[in-house]
Amino acid sequence: MSEAAVSRFDVGAVDEFPEGSITARTVADVEIVVIHQGGEFFALPDRCTHQRYPLHDGELLDGKIKCVHHGATFDLRTGRPTLPAVKKIQLFEAAVEDGRVVVTLHEA
Ligand code: FES
């Protein structure tokens, strides 16, 4: 029985992520977006689960990110999608430590 590998990445200083921003980053060859909304940080893959277009050019709604390509939204706390996406998006843990934003990726 093997446990999932967990890797933590410093993705930048808090100041690099203004309130209301969506920022693309690549960590360990994984393209992610880091979102700062309402004083909280969120991180998720930079790929819509609908047709895998990037999300970094998306639009932030209250507690959601909207993919501009066909209009699917994803809840930032649950990953729950709205149509036309039907598959949840994966969420990564994003935390602030000593003024830095740290994202945790889980690898199966
Ligand atoms: S690729 Fe995002 S809604 Fe279609």
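Note that the structure is a prediction, hence the values are computed from the model and not measured. All ligand and atom numbering here is 1-based and tracks the order in the structure.
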> Listed by chain and number, what are the side chain to side chain contact (heavy atoms under 4.5 Å, CB included) partners of Arg25, not counting sequence neighbours?
Replying inline: Val11, Glu16, Phe17, Thr23, Ile32, Val34
> Arg47 and Gln90: side chain to side chain contact (heavy atoms under 4.5 Å, CB included), yes or no, with the steps?
Replying inline: CA-CA 10 Å; Arg47 284 285 171 267; Gln90 185 179 6; over 6 Å; no
> Looking at Arg100 and Val14, what are the two nearest heavy atoms and their distance?
Replying inline: N-CG2, 4.1 Å
>> So, at under 2.8 Å, which protein N, O or S atoms would a careful student list around atom 4 (Fe) of ligand 1?
In response: His50 ND1, His70 ND1
>> Does the plane of the ring in His36 sit parallel, tilted or perpendicular to the ring in Phe41? Use 30° and 60° as the thresholds.
In response: parallel
> For Ile35, which fellow cluster members are found when Ile, Leu, Val, Met, Phe, Trp and Tyr are connected by side-chain heavy-atom distances below 4.5 angstrom, either directly or through intermediates?
Replying inline: Ile22, Val33, Phe42, Leu44, Leu55, Leu60, Ile65, Phe74, Leu76, Ile89, Leu91
Show every donor-acceptor pair shorter than 3.5 Å between a side-chain atom in residues 77-87 and any protein atom, with sequence neighbours excluded, or say none if there are none.
{"residue": "Arg77", "atom": "NH1", "partner": "Glu40", "partner atom": "OE1", "Å": "3.3"}
{"residue": "Arg77", "atom": "NH2", "partner": "Glu40", "partner atom": "OE2", "Å": "2.4"}
{"residue": "Thr78", "atom": "OG1", "partner": "Arg80", "partner atom": "N", "Å": "3.1"}
{"residue": "Thr82", "atom": "OG1", "partner": "Thr73", "partner atom": "N", "Å": "2.9"}
{"residue": "Thr82", "atom": "OG1", "partner": "Thr73", "partner atom": "OG1", "Å": "2.7"}

